[in-house]
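Counting starts at 1 for both ligands and their atoms, in listed order.
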Amino acid sequence: MIVGVPKEVVAGERRVALSPDSVKALIKLGPEVVIESGAGVAAGFEDSAYEEAGGRLGSSSDAFSADLVLKVQAPEKSATGDEVDQLKEGAALISFLKPLDETDLFDRLSKRNISAFSMEFMPRITRAQSMDALSSQSTIAGYRAVLLASLALPRIFPMLVTAAGTLQPAKVLVVGVGVAGLQALGTAKRLGAITFGYDTRTVVREQVESLGARFVELDLDTGDSEDKGGYAKAQSEEFYAKQRELLGKHVSASDVVITTALVPGQPAPLLIEEEAVRNMKPGSVIVDLAAEKGGNVAVTRADEDIVVHGVNVLGHTNLPAEIPNHASQMYAKNLVTFLDHLLVEGELNLDFGDEITTGTLITHAGAVVNERLGGTMPTPAAPADDSAEGES
Ligand code: NAD
């Protein structure tokens with residue numbers, strides 16, 4: 001089997017699906033690997049490093065005509081053509097695919113008979129933790145958000161007592177304490193800030209406190225805030241209105257606010273009104289990690305850094321791509337671990353009784369098969385006689 005890694009074409013995307021180390025690890029599982037020449041350069045991986053790792057360099061069409069294509073961003077449709085059309089008929093694709101946002105991508109993939117796996121749909125179960133690319137990339141995003149905030153803030157983070165006087169520490173509030181939020185709290189604390197975390201999932205309180213941050217308590221009924229996958233559930237508009245009102249005073253008391261609140265498959269909940277931004281001190285910073293989904297802050301503009309009422313509002317939508325080397329290293333590790341699970345003797349072997357396969361597989365054999373998207377998975381093969389005896 002040949003695995004292909006094309007260069008990412010989305011503007012600003014500096015990550016690459018495989019690092020040289022991961023190429024070496026993948027080859028040990030059996031496949032040959034073709035890398036588009038220059039695919040890793042923006043992430044700090046030279047062509048020669050891939051060759052030393054045992055990979056073969058090729059053109060974009062060499063990488064796209066592989067049996068399995070590994071990508072970071074979903075295939076792009078642009079004026080120069082559709083990346084889906086470059087895939088070999090019947091090939092496999094593993095990538096982020098924005099499965100809850102995409103409209104016609106899965107029809108296009110089905111028409112070409114592609115077996116497409118979405119990294120966003122990796123089940124959040126213990127045995128899939130090392131394949132969980134949402135977590136690995138959110139870790140990078142949370143770290144980067146704090147660094148951006150620290151540079152934009154006209155103050156320093158730590159308390160300093162000096163001959164030139166005492167500097168008060170920055171107050172950093174993180175709203176939405178999932179994977180990115182936890183990393184943001186940890187990073188801000190290491191830089192010396194006083195940290196606060198808030199989330200509707202109250203189970204997060206302990207994690208917030210274990211990072212030396214204070215959990216912000218709002219007088220809201222959050223009883224039914226978490227689904228069985230550990231994600232936040234959408235709340236009523238009445239709940240969000242009350243939340244915005246209560247959160248306002250915590251926002252205005254902060255030097256930095258980092259928002260990460262998301263509900264899968266929904267636009268980002270609006271948590272901070274313009275009025276709360278107006279009440280922040282001039283020079284304060286908001287980093288809205290939910291910018292791509294519409295933002296948690298009323299004034300956020302996706303992909304823009306703006307100043308509103310004297311407050312810096314940063315709306316970067318692809319923070320992992322701003323730390324492309326480590327982000328790619330982690331993503332590549334997620335992919336190789338996933339492939340170690342999917343490959344048998346170097347070939348893709350789809351087990352339709354396996355939660356990791358059925359959770360992530362979106363299109364197969366000409367149809368959308370993922371149950372979360374209304375599809376039907378093929379029936380699992382009956383167990384072979386020798387495995388039917390069980391382990392008891
Ligand atoms: P996410 O990116 O979907 O959301 C970020 C955070 O926003 C979440 O903590 C969510 O509760 C919060 N949020 C949503 N609406 C909010 C609101 N109105 N106000 C305040 N906060 C709000 O989440 P994520 O970072 O991908 O992870 C969510 C959780 O999934 C984790 O904390 C964890 O429990 C679970 N998880 C499990 C595994 C695993 O077991 N392998 C791996 C990663 C994450």
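Look at Asp132 and you'll find a heavy atom under 4.0 Å from some atom of ligand 1. By the 4.0 Å heavy-atom criterion, Phe239 is excluded from the residues contacting ligand 1.
Annotation: atom 5 (C) of ligand 1 to nearest protein heavy atom, Thr260 O, 3.3 Å. Looking at atom 25 (O) of ligand 1, its nearest protein heavy atom turns out to be Val179 N, 2.7 Å. Taking atom 24 (P) of ligand 1 as the reference point, the nearest protein heavy-atom neighbour is Arg124 NH1, 3.5 Å. The protein heavy-atom contact nearest to atom 35 (C) of ligand 1 is Gly230 O, 4.3 Å. In this structure, the protein non-hydrogen atom closest to atom 3 (O) of ligand 1 is Tyr231 CD2, 3.5 Å. Protein heavy atom in closest approach to atom 7 (O) of ligand 1: Ala261 CA, 3.2 Å. Looking only at heavy atoms of the protein, atom 43 (C) of ligand 1 is closest to Ser135 OG, 3.0 Å. Remark: minimum distance from atom 1 (P) of ligand 1 to any protein heavy atom is reached at Leu262 CB, 4.1 Å.
Between the side chains of Ser110 and Asp107, no donor N or O sits under 3.5 Å from an acceptor N or O. Side-chain atoms of Ser252 and Asn279 include no donor-acceptor pair closer than 3.5 Å. Side chains of Asp305 and His316: a donor-acceptor N/O pair is present below 3.5 angstrom, by distance only. Inspection of the Tyr231 and Arg201 side chains reveals no N or O donor paired with an N or O acceptor under 3.5 Å. Defined by atom type and a distance below 3.5 Å, a donor-acceptor pair is missing between the side-chain atoms of Thr357 and Asp351.
Every residue meeting the ring-ring contact (aromatic ring centres under 6.0 Å, His included) condition with Phe338, not counting sequence neighbours, appears here in chain and number order: Phe117. Take Phe121 and apply the ring-ring contact (aromatic ring centres under 6.0 Å, His included) test, not counting sequence neighbours, and it matches no residue.
The proximity of Gln243 to ligand 1, defined as any non-hydrogen pair under 4.0 Å, is limited to the side chain. Using a 4.0 Å cut-off between heavy atoms, Leu271 contacts ligand 1 through its side chain alone, with no backbone atom that close.
At under 3.5 Å, a nitrogen or oxygen of Gly178, whether backbone or side chain, sits near a nitrogen or oxygen of ligand 1. Any N or O atom pair closer than 3.5 Å counts here, and Arg201 shares at least one such pair with ligand 1. In terms of N/O distances under 3.5 Å, ligand 1 is approached by Asp199.
Heavy-atom contacts from other residues, nucleotides or ligands closer than 6.0 Å to NZ of Lys189 number more than 12.
Interface atoms of ligand 1 facing Val177, defined by a heavy-atom separation under 4.0 Å, are 9 (O). Of all the atoms in ligand 1, the ones that sit under 4.0 Å from a non-hydrogen atom of Tyr240 are 18 (N). Of all the atoms in ligand 1, the ones that sit under 4.0 Å from a non-hydrogen atom of Ile125 are 41 (N).
Two rings, from His364 and Phe352, have their centers less than 6.0 Å apart.
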Next item on the list: Any chance you could lay out the salt bridge (Lys or Arg N to Asp or Glu O under 4.0 Å) test for Lys7 and Glu13, step after step, and finish with the verdict?
Entry: CA-CA 9 Å; Lys7 184 169 160 45; Glu13 183 51 79; over 6 Å; no
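Between Tyr198 and Phe215, the two ring planes are tilted [angle within 30° to 60°].
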